[in-house]
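Here is the structure we will look at, set down as structure tokens.
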Amino acid sequence: MSVLPILLSIPHGGSRVPKELRHRVCITPQDLFVDGDACTSDIFDLGDDVQRVIKTDVARAFVDLNRPPDERPLHHPDGVVKTATCFQQPIFKPGHEPGSELTGLLIERYHAPYHARLKEATAEPGVRLALDCHSMLPSAPPVENNRGEPRPLFCLSNRDGATAPPALLGELAASIASAFEVQSERIGLNDPFKGGYIIKRHGGSRLPWIQVEMNRCLYLEKPWYDRETLRVDAGRISELRECFRDALQCLRL
């Protein structure tokens, strides 16, 4: 198979606590697992089958690469450096939340380098499409205005046409529906997400950017997932990765 001319960004698949925060956190492993995009590094990383894969091992709960660097604590609890999870569980011990200096250091060491890598990759002539890959909860969490509202199996976003042509968005939706054997109406287009900071910052140029959200019900539910041990069936993850690969191979790039 020839290398697909695609850049894959996987910003929320990590679980590591940055060394700068190790003595400050109180978040449980279960809350950390649920707050991030668990398993996306394995599902979406197609390795040498695509032009570039950029990801991180740092957990979203500590440095959110899909948030603007000016959305800082304590005014933005769901910003670039969070103070609570999407289920409103505290991340740090009382009185140990990062201040402005530490927040700036975290952005300098983790947020800025990730975006520098994306900027470098988007300039590569062999890349024709960039996908920012995420997972989403089956229903909206408490931090959302529409809490509890069911979500589609996939959501594809181009910020209402600002970061990728509508025709390309539709083609990707059709290829995902075919590869994953799901009904097209279960794929949301710019709903419930319009697209986050990553595609907003890097999209809108010669390279189309699309945000991809996969519903976690496809792998973090029985029989594939054990909530007590946080174990996920490796065979299911492999199956989803092959479906994702098949979907991208169908695109005319």
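Here the side chain of Y219 pairs a donor or acceptor atom with the backbone of A38 at under 3.5 angstrom. Between the side chain of S9 and the backbone N or O of L131, no donor-acceptor pair lies under 3.5 Å. Of the possible polar contacts, one joining the Y114 side chain to the I54 backbone as a donor-acceptor pair under 3.5 Å is found. The backbone N or O of C133 sits nowhere less than 3.5 Å from a side-chain atom of H12 that would complete a donor-acceptor pair. The backbone N or O of F87 sits less than 3.5 Å from a side-chain atom of T85, completing a donor-acceptor pair. Between the side chain of N66 and the backbone N or O of Y197 there is at least one donor-acceptor pair closer than 3.5 Å. Listed for the T163 side chain is a donor-acceptor partner under 3.5 Å among the backbone atoms of N158. Remark: side-chain polar atoms of D49 are not paired, donor with acceptor, to backbone N or O of L4 under 3.5 angstrom.
For F180, the ring-ring contact (aromatic ring centres under 6.0 Å, His included) criterion is met by F154, not counting sequence neighbours. For E71, the salt bridge (charged side-chain N to carboxylate O under 4.0 Å, His left out) criterion is met by no residue, not counting sequence neighbours. The salt bridge (charged side-chain N to carboxylate O under 4.0 Å, His left out) check on R216 picks up D37, with sequence neighbours excluded.
Judged as a salt bridge (Lys or Arg N to Asp or Glu O under 4.0 Å), the pairs with a partner in residues 169-179 (not counting sequence neighbours) are, in order, E171-R252. Sequence neighbours left out, the pairs with a member in residues 122-142 that pass salt bridge (Lys or Arg N to Asp or Glu O under 4.0 Å) are R52-E124. Evaluation of the ring pair (Phe, Tyr, Trp, His ring centres under 6.0 Å) test over residues 220-253, restricted to residues two or more places apart or in two chains, returns F33-Y225, F44-F244. For residues 92-108, no residue pair satisfies the side chain to side chain donor-acceptor pair (under 3.5 Å) rule, not counting sequence neighbours. Judged as a salt bridge (Lys or Arg N to Asp or Glu O under 4.0 Å), the pairs with a partner in residues 232-241 (not counting sequence neighbours) are, in order, R236-E239. Annotation: salt bridge (Lys or Arg N to Asp or Glu O under 4.0 Å) contacts involving residues 187-202, sequence neighbours excluded, comprise D160-K194. Sequence neighbours left out, not one pair with a member in residues 55-77 passes ring pair (Phe, Tyr, Trp, His ring centres under 6.0 Å). Legend: side chain to side chain donor-acceptor pair (under 3.5 Å) pairs involving residues 175-186, not counting sequence neighbours: none detected.
In this structure, F193 belongs to a hydrophobic cluster whose other members, linked by side-chain heavy atoms under 4.5 Å apart, are M136.
Between E221 and P138, the shortest heavy-atom contact is OE2-CG, 4.0 Å. Residue T56 comes nearest to P11 through the heavy atom pair CG2-O, 3.4 Å, listed as atom of the first residue, atom of the second, then distance. Looking at every heavy atom in both residues, G148 comes nearest to S139 through O-CB, 3.6 Å. Here the closest non-hydrogen pair linking H111 and D64 is CD2-O, 3.5 Å.
Both I176 and I10 belong to a common hydrophobic cluster when Ile, Leu, Val, Met, Phe, Trp and Tyr are linked at side-chain heavy-atom distances under 4.5 angstrom. Criterion: ILVMFWY side-chain heavy atoms under 4.5 Å apart, direct or through other members. Under it, V34 and L218 are not part of a common hydrophobic cluster. No path of Ile, Leu, Val, Met, Phe, Trp and Tyr side chains, each step under 4.5 Å between heavy atoms, connects I198 with L168, placing them in separate hydrophobic clusters.
Counting heavy atoms from C-beta outward, L172 and V212 have side chains that approach closer than 4.5 Å. Between L248 and L251 the shortest side-chain heavy-atom distance falls below 4.5 Å. Counting only heavy atoms from C-beta outward, the side chains of L102 and E20 approach each other to under 4.5 Å. No side-chain heavy atom of H115 sits under 4.5 Å from any side-chain heavy atom of P69. At a threshold of 4.5 Å between non-hydrogen side-chain atoms, the residues C39 and S135 do not count as touching. Side chains of L7 and L129 form no contact here, defined as non-hydrogen atoms less than 4.5 Å apart. R67 has its side chain within reach of D78: a pair of non-hydrogen atoms, C-beta onward, lies under 4.5 Å apart. Residues V127 and I6 are not in side-chain contact: their nearest non-hydrogen atoms beyond the backbone lie 4.5 Å or more apart.
A salt bridge links R16 with D57; the closest basic N to acidic carboxylate O contact falls under 4.0 Å. Ion pairing of E242 with R245 is present here, as a side-chain N (NZ or NE/NH1/NH2) and a carboxylate O approach within less than 4.0 Å.
The environment of CZ in R206 is crowded: more than 12 heavy-atom neighbours from other residues, nucleotides or ligands sit within 6.0 Å.
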